A.B. asks: 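One structure, as structure tokens, below. Some questions next.
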Amino acid sequence: MKIGYDEKTHIFRLESGDMTYAMFVTDGQGFLGHLYFGRTPGEDDLRYLARVRGDGVPGAEARDRCSFLDSFPQEIPGNGVGDLRSPAVSVTDREGRAVLQPFYRSHRIISGKERLAGLPSTFGSKKDAMTLEITMADDAAKMTVILRYTIFDGIPAVVRSTEVINDGAEPVTLDRAFSCSMDMDLPDARMLSLNGSWGREKRKQLQPIGFGTQSVSSLRGISSHQAHPFIGILAENARQETGEVYGVNLIYSGNFLAQTERDQFGLVRVQAGIHPKGFAWKLAPGEHFQSPEAVIVYSSEGLTGMTHAFHKLYRGHLMRSPWLHRERPVLINNWEATFFDFDLEKLLTIARRAKKEGIELLVMDDGWFGRRDDDNTSLGDWTVNEKKLPGGMKRLSDELAAIGMKLGVWFEPEMISPDSDLYRAHPDWAFSVDGRTPCRARNQLVLDLTRKEVRDAIFDQIAAVLDSADIAYVKWDMNRPLTDVATHAADAQAGGLFHRFILGTYELQERLITRYPELLLENCSSGGGRFDPGMLFYSPQIWTSDNTDAIDRLTIQEGTSMLYPLSTMGAHISVSPSQAVGRLVPMMTRGHVALAGTFGYELDINELPEADAALIPAQIVLYHRFGELMREGDYYRIASWQDNHVCDCYCVVSGDKSRALVTWVQVLCEPNVHCMRMRIPGLDPDRRYRITIASPEVREDDHTGNFLHEGELSSMRGFLNATLTGCTLAGAGLLMPMLRGDFRSVLIELQAE
Ligand code: GLA
């Protein structure tokens, strides 16, 4: 890892892993140009890579300065001064003038990486991180822009952010302050995004990067189910394990825009930041604005390399929870079991049986507070409904403790029901515009978390509940987009309300984990509507989707795990047929798929068919056996059901390469086909691995799909219980037979000799 600045050539080089990120300052006024981002080149003068048209950088009076600016690759393009592509930073003054061009002034190279105040952000020690801070200024506009670039030892990534300061005597409106902007040379590259909806989050979409602008964005106040604050850029020949891939991921949970813009000369401007629409941040004289951070990853080893860089960075430099490396308790959540229809006895009946099977924690989901018997009321009234729970939270947690179970509780702190005591007392605490009836979603409104008194009141209520009993886990939900965003605060600051709202949410979560450092916090937003790196700064796990159907989960978990470690994905076994899609999936497969996440149950264990319930103890044994491997190991995507329509396959290899677990799910059975070859990457090529099936039970007369048949097993006899070298497994692979029936799965364990 190193950051260098060459006084002669004015080139900055940031190097870590096998990645180099290079910029330079032009002679004369000092434009900051982007030179190179990719595999580390030799110690050469890279200025020849500068895309300067004509005879170098023109002076201020030059007749063709505009053409220069409109083609020059800039690190932080301003607005209205010749670069007519998308700006990265833009301000409007009182007269409505929007003209800004920052120039290089100075820089500092600092050991380590500080957290950003009030925002989720990466961190690093003096030993494992270095930061370059470049100060830019526009004297005419009286604005300073500070760019920060951090690299982390051994990780091919740069974390960037932008700070804007108003040095003038007049207020300005900051229209945009993107976290990153890069003008890259990417002929024939493709853009990868993760799109979806409720119940089908994070599906891959790959499209050529054409001329003009292509974007993903959210204006919903959350990072959203529909789009994800991520763009992958795949070189023409890049694939899962080979070729050059870039990834841009924003550490932010609110409105965002991430885009590519291929210009007239073919250069691609890649940008990500807070969405400019509805941003309009007022910057008074002397005030600063700090953008969120963008993580930019380079991989020379295809998508797998990109995934590993993100996982390593998030595990080592973003996630703080003491639970990060701990085994999470196996939980059972009552949502899909009871919805709102539960009471103390029903919960305890579930808990007693759950405990018998090896489950450790009961999560009481929505419906325990106020008069909440359906989703029409009581958000904001966080007091226990004693009709359902006589004796309150304390009695429930005591009864659970007596059974040997811990308690988890659901909250939705950012919301208010119009039918609630809170709303009757403070109707102005909900976002709404005077003279307009605010738009309800699930019959609820959004609390104005930009106001401190609102945040305090909500926090005090939550703290009172948490202090009243022994509560080990909180599920923090958020179930609607933001609309009618307007505040009734007397001292309201104009503009930027969407951003101020998410800062309010961040502040509340920070307070929660500071006061309850041992609390296991799981974020959620109608499933994966806010599954982003911003939330991972506060909670080590996030509910991945409300769709718990194991087959749909393959796709959702593939998209999610492309960026985020498996340990972050909330994954539960639920009933078959699935409540989301009505699909019948064997219990064995449901368990194998949930093993790739935090692992738990979301069903009424007393209503479960005995044949399914009988498998739970063995599933929990598997979780304890492989939990650490799944949490800490390196994840490799092998086959994607989204792409091949037949099977899904991935493996997780321990850091020391001594063991691995391959999950193979045959989604649809086909007749009359050969075995499928699955190459197993990531192993030590020289070591020999013993190959076994993790749950090998054979039952000839079984038609549940939970057990293998003799014939299926014998097709694998050639390699089962044998040893093969990592080299053979990576090159030749294993031959997986077609299993009879749909939605079947096998776990293959590899243990180094
Ligand atoms: C959201 C969550 C669910 C559940 C319900 C409760 O939809 O994603 O898991 O908690 O809210 O209302």
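In listed order, ligands and their atoms are each counted from 1. Because the structure is predicted, anything quoted here is derived from the model rather than measured. Residue indices begin at 1 and follow the sequence shown.
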A.B. asks: Is the closest basic N to carboxylate O distance between D470 and K394 below 4.0 Å?
C.D. replies: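 Between K394 and D470 there is no salt bridge, as every charged N stays at least 4.0 Å from the carboxylate O atoms.
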A.B. asks: If you draw the axis of the six-membered ring of F537, does the NZ or CZ of R320 fall within 45° of it and under 6.0 Å from the ring centre?
C.D. replies: yes
A.B. asks: So which protein residues pack against ligand 1 under 4.0 Å, heavy atoms counted?
C.D. replies: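 Residues within 4.0 Å of ligand 1: W335, D365, D366, W410, R442, K475, D477, N479, C524, S526, G527, W543, D546.
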A.B. asks: Does a salt bridge link E610 with R353, judged by any charged N lying under 4.0 Å from a carboxylate O?
C.D. replies: yes
A.B. asks: Is R515 salt-bridged to D467, going by a charged N under 4.0 Å from an acidic O?
C.D. replies: yes
A.B. asks: Hey, what's the ring geometry for Y601 with F599, parallel, tilted or perpendicular (30° and 60° as the breaks)?
C.D. replies: perpendicular
A.B. asks: Taking the six-membered ring for Trp, are the ring centroids of H572 and W543 within less than 6.0 Å of each other?
C.D. replies: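 Judged by ring-centre distance (under 6.0 Å), H572 and W543 do meet the cut-off.
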